[in-house]
Structures are given as structure tokens and as C-alpha cells.
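Read through the structure below, which is laid out as C-alpha cells, and then see the notes.
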Amino acid sequence: MGLRLWSTLSRQLEELSPQDGVVRMYVCGPTVYDRFHIGNARPFIVFDALRRYLEARGLKVIYVQNITDIEDKIINRAQEEGVSPQEIAARYTEEYFHDLQLLGVKPPTHSPKATQYVEKMVEFVAKLVEKGLAYEAGGDVYFSVARFPGYGKLSGKVLEELEAGARIAVDERKRDPLDFVLWKAAKPGEPKWPSPWGEGRPGWHTECVVMSTDILGLPLDIHAGGSDLVFPHHENEIAQAESLYGEPFSKIWLHNGLLTVRGERMGKSLGNFRYAREVVTEFGTEPVRYFYLSRAYRKPLDFSESGLEEAKRALQGVYDFLWEAEALPEEGEVPAEVADQLTELEEKFHARMEEDFDTAGAIGVLHELVSLGHRLGQEGAGGSPQRAVAALVRKLAEPLGLFQEARPQVKGRIEDLISLLIELRATLREQKNFQLADRIRDRLAELGVELRDTPQGTRWSLRADE
RNA sequence: GGCGGCGUAGCCAAGUGGCAAGGCGAGGGACUGCAAAUCCCUUAUUCCCCGGUUCGAAUCCGGGCGCCGCCUCCA
């Protein structure tokens with residue numbers, strides 16, 4: 001397969017070329033100081049879908065997503081609540097896995113924690129110091145940006161202009177305002193680890209480099225995250241990794257667009273966020289996934305309830321076909337002409353997916369398949385062709401985590417009761433007692449049981465609960 | 001100010017050189033006792049504007065206008 005992805009680094013489509021069929025993929029994970037919000041969920045869902053698509057195409061994917069369990073925000077939160085940072089981190093790590101599951105995300109192959117890697121980070125920083133790429137100052141260690149000629153290549157920034165525009169209050173311990181911290185000296189009461197520069201803790205940009213290379217080796221095939229991480233986070237990762245190892249850190253850099261609310265970026269600090277858990281609970285797993293995957297992953301996406309509602313309706317339309325088709329008996333052959341159409345649409349689906357992971361275009365193809373299925377039903381093609389269409393939709397959508405739900409079932413006795421009401425209604429209709437017949441239909445609809453009168457008799461289906 | 005990106009129907013949205021996917025919604029028709037669902041038709045002669053290149057441009061180039069993100073922790 002030839003999957004091409006837009007790399008932020010090269011600013012062009014890059015062929016994914018894994019060695020031995022193994023894709024080494026790293027996605028920036030959460031800082032566990034709170035539950036993540038629905039905007040944070042975008043990369044989790046999008047890159048989960050990418051990973052699963054690659055797996056569906058026969059590749060092995062080693063998917064690593066870090067957990068930052070030592071960081072300022074965790075310490076602050078711990079102080080606010082009067083508990084230990086470890087307790088905060090443990091709590092929200094658990095919540096993170098819980099919410100990932102709610103989003104229908106397959107657990108990462110590896111979920112390394114920063115605190116498990118402190119020793120290796122110390123070794124890494126020591127090597128940078130040894131090579132003269134970093135320096136110690138007052139118990140802190142800084143990376144010397146001037147020592148890495150490629151600095152700015154990911155974000156397209158130019159060193160001189162960055163310095164000119166530096167808004168940060170210059171820390172006098174830094175030799176250059178752009179230098180960033182690799183190791184922070186411990187303040188009283190903070191978690192700390194021993195190091196050649198005294199007790200302290202690792203700085204923010206180091207963990208991803210150390211953990212990803214430790215687990216995946218160099219270079220990574222894909223390094224991914226939100227577009228807000230391009231600078232400085234990923235730029236700084238490249239600087240550390242490449243200046244030390246002297247080879248490319250990651251072949252492809254992927255960045256998802258941010259979630260906005262009425263055009264403004266969703267952020268914890270802006271207060272315009274909603275927790276992912278809250279949104280999934282309200283709208284459901286698949287509507288949330290559909291909402292994200294029906295938009296190009298690189299573009300900004302505006303969050304709205306109406307957008308989620310629309311996703312829900314679109315999804316229901318597909319299920320109306322799937323559930324109906326799957327209830328049909330296997331009968332008749334799949335005509336060669338239909339088989340050809342299915343092959344053609346399947347190829348179209350993959351063509352969209354392979355061109356920069358165009359899930360939105362690919363979902364459009366799935367809707368085309370559903371239309372084809374309906375048309376076959378209309379033409380009286382018999383059960384088998386429609387079932388074949390439904391099966392293909394299910395298969396193609398599986399890596400997206402869409403259209404996988406089974407028809408809601410009711411227990412045997414309730415099913416018998418519904419059948420009884422339908423029988424009764426049929427009699428009433430024969431007797432032209434439409435008022436009562438309609439009342440049965442309306443009341444059942446209110447209870448979530450929809451009746452449809454077809455030439456083959458009355459069919460019923462259950463609406464999924466809100 | 002610098003860097004990155006976006007602007008396609010009423011709304012959401014794919015498409016980056018060869019007749020403008022798809023979803024939601026709206027209107028008309030078929031079907032129905034009436035509905036619902038479904039099917040058929042209609043809803044962008046045109047892709048923010050102005051120039052240019054080309055046999056041909058939403059797609060490439062130049063110039064505007066508007067919006068967003070990053071430049072500070074942030075998915």
C-alpha cells in the first residue's frame with residue numbers, strides 16, 4: 001500500500017515507508033493533572049484511527065503514547081487539594097484510560113510514564129552536557145539552542161526573529177533567551193530525583209525523546225500531536241534528539257488541527273471547554289468519532305452541539321440500512337455487476353484513506369455504499385446483495401471505530417409483546433380502524449419502537465437510547 | 001511584526017490541473033389508509049475578490065480582502 005501523509009517537517013506528502021512492515025508511531029499523551037477535554041480527545045481519536053487503519057492494511061504498529069505524570073500543573077493541583085502529586089497523577093492516569101475507552105480508542109501498545117524514565121532522562125541530559133550541547137546553571141540544565149543549526153526547521157521559525165520577538169522575561173541563568181530547560185532544580189516540597197546537578201526533576205521536552213527512542217529506536221516513522229505542539233515542544237524535541245544522535249528523529253511529523261468553539265480555540269485556560277467524558281456520555285462514542293473523522297484531521301474543527309446532533313443523525317441513517325439489511329435472509333446471488341461496484345467503491349475508500357488519511361472523503365464513500373444498498377433493496381435484489389453491501393460497510397469502517405454497533409435487542413418476551421401489538425394493529429387496519437392503529441404506532445414510537453409498513457408486512461426497529 | 005494554515009450550496013464538508021463526493025436541512029414526485037423509511041428529481045453553470053499561466057484552474061502563479069492558530073504551559 002502507498003499511504004502518503006502530510007509531514008509538517010517537509011511540508012509535503014511523504015510516503016509512509018516502514019521497515020519490515022512495522023510502523024513505529026509516537027503520539028504525545030496527556031499531562032495527568034485533570035481529566036482531558038473534548039479538544040484533547042481529537043488526536044487520541046484521529047491517530048487511533050490511523051493506527052487501526054494501518055493495522056487493517058496488514059502492518060504491525062507499535063503505538064506509544066506517553067503519560068506525563070510529573071509537571072508543574074500536577075504539583076499545583078496537589079498543593080491546592082493538599083494531597084501528594086503522586087496521588088493526583090495516579091487518579092488522573094486512571095481517568096485517562098477510562099475516558100480513552102469511552103472514546104473507543106484502542107489502548108496504546110506502550111504507555112510509558114515520565115516518572116519511570118527519570119534515570120534514563122538524567123543519562124540523556126548528561127550526554128548532552130558532555131557533548132557541550134547543554135549547560136548547567138544554578139542546578140538547572142539548559143539546552144543551548146545555538147548549538148543546533150537546524151533549530152526552527154519544523155516550525156519554520158528563524159532564530160533571529162524569534163529572539164527579536166521574545167516575549168518571555170529573560171531568565172538570567174540562560175545564556176540565550178531561547179534556551180530551554182532540560183532539568184529543573186527542586187524547590188522545597190517538590191518531588192525530586194538525584195542527578196549530577198543536584199536534586200531536581202526533568203524538564204518538559206525531554207521525556208518524549210527519551211521514551212520514544214528507548215521503546216521505538218531511531219528514527220520513528222511517525223511522531224504526532226496537536227498543532228499547538230509544533231513550537232516549541234516538537235521543535236525542542238528535534239533539537240535534543242538530532243543534535244545528540246546526529247540522525248533524523250522522526251521521518252514524518254503529523255499535527256492535528258485544534259478544536260475551536262465559535263471560532264476560538266478550546267482551552268482549559270479559556271474556560272470554553274467541556275470534558276470529553278461529559279460529551280461522550282451525552283452524545284455517544286460513535287457520534288463523537290464521526291464528528292472528528294468527517295473532517296480533515298489537519299483543519300480546525302468548530303465544536304458545537306448541533307454538529308454532534310448532525311453526526312448522530314447521519315450515523316442513524318447508516319444503521320437504518322445496516323440493521324435492516326442484516327436482518328434479511330441470505331437469498332439470491334450477488335450479481336457480478338454488484339460485486340464490481342463493491343470492488344470499485346472499496347478501492348475508492350482506500351484511495352481516499354491513502355491520500356493524507358482523508359477520513360472525511362472515505363466516510364463519503366461509505367455513504368455511497370449505503371445508497372447503493374438502498375437502491376438494491378428498492379430493486380428487489382434479494383437479501384444476499386444487500387447483506388454483502390452491509391458487510392463491506394462494516395469491514396471498511398472498523399478501523400475508524402464507526403458503524404460497529406449491533407442492532408439493539410430486546411428480550412424474547414418483549415419481542416413477543418411487540419409482535420402481538422403489530423398483529424393487533426394489522427387487524428385494526430384491515431377493519432379500517434386507523435385511529436386506533438395509528439395510536440399504537442405513535443405510542444410505540446414514543447417508547448422507542450419504530451414501525452414501518454412495507455409491502456412485505458410491518459417491520460419494526462428499536463431506536464438506540466439517548 | 002514573524003511563521004503556519006484556512007475561505008467550496010441554507011449549514012457541515014471532500015476534492016489541489018480535465019464534466020463540483022458525501023452528510024444535515026429544504027422543495028417536488030413515486031410508494032402509503034395516513035405516516036415513517038426508501039427511491040427518483042430539484043436545491044454551487046461554479047469554488048472570497050482581481051489579474052495571469054494553460055486547449056482546460058476550485059485546483060498552478062501574482063496581488064488583494066477576511067478568518068484562525070503558533071510565536072508563553074497547552075492536544
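Below, read A as the first sequence line, B as the second, and so on, with proteins coming before strands; counting in each chain starts at 1. Every value quoted in this text rests on a predicted model; they were computed, and no experiment measured them.
In this view, A:R201 and A:D72, A:E190 satisfy the salt bridge (charged side-chain N to carboxylate O under 4.0 Å, His left out) rule, not counting sequence neighbours. With sequence neighbours left out, A:H255 forms a ring-ring contact (aromatic ring centres under 6.0 Å, His included) with A:H234. Scanning for salt bridge (charged side-chain N to carboxylate O under 4.0 Å, His left out) contacts around A:E326 gives A:R394, with sequence neighbours left out. Qualifying salt bridge (charged side-chain N to carboxylate O under 4.0 Å, His left out) partners for A:K299, counting only residues two or more places apart in sequence or in other chains: none. Contacts of A:F180 classified as ring-ring contact (aromatic ring centres under 6.0 Å, His included), with partners at least two apart in sequence or in another chain: A:F143, A:H205.
A:H234 has its NE2 atom 17 Å from the C1' atom of B:rC3, to the nearest Å. We find that CZ of A:R429 is positioned 7 Å from P of B:rG33, with the value rounded to whole Å. With rounding to whole Å, A:N256 atom CG is found 12 Å from B:rG69 atom C1'. Rounded to a whole Å, the CG atom of A:D442 is 13 Å from the P atom of B:rA35.
Among B:rC24, B:rC74, B:rC34, the nucleotide with an atom closest to any side-chain atom of A:W204 is B:rC74.
Not a single donor-acceptor contact under 3.5 angstrom links the side-chain atoms of A:R265 to the base of B:rG69. The base of B:rC68 does not come close enough to the side chain of A:R262 for any donor and acceptor atom to sit less than 3.5 Å apart.
Ring to ring, A:F291 and A:F283 are not that close: their centroids are 6.0 angstrom or more apart.
Across all strands shown, nothing is found opposite B:rC19 as a Watson-Crick or G-U wobble partner with both distances under 3.5 Å.
Base contact: A:G39 has a heavy atom under 4.0 Å from a base atom. Using a 4.0 Å heavy-atom criterion, one finds that A:L258 contacts the bases of the nucleic acid, with or without backbone contacts as well.
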Shorter than 3.5 Å, N or O on both sides, protein versus nucleotides 8-14 of chain B: list them out with atom names.
from, atom 1, to, atom 2, distance (Å)
B:rA13, OP1, A:R295, NE, 2.8
B:rA13, OP1, A:R295, NH2, 2.5
B:rA14, OP1, A:A296, N, 2.9
B:rA14, OP2, A:K299, NZ, 3.0
B:rA14, O3', A:D358, OD1, 3.2
B:rA14, O3', A:D358, OD2, 3.1
B:rA14, O2', A:D358, OD2, 3.0

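The salt bridge (Lys or Arg N to Asp or Glu O under 4.0 Å) pairs that include a residue from residues 358-377 of chain A are A:K348-A:E368, A:R352-A:D358, where partners are two or more places apart or lie in different chains. For the salt bridge (Lys or Arg N to Asp or Glu O under 4.0 Å) condition, the pairs that include at least one residue of residues 227-239 of chain A, sequence neighbours left out, are A:D228-A:R265.
Residues from residues 369-377 of chain A lying near RNA chain B, meaning a heavy-atom separation below 4.0 Å, are A:H374, A:R375 in numerical order.
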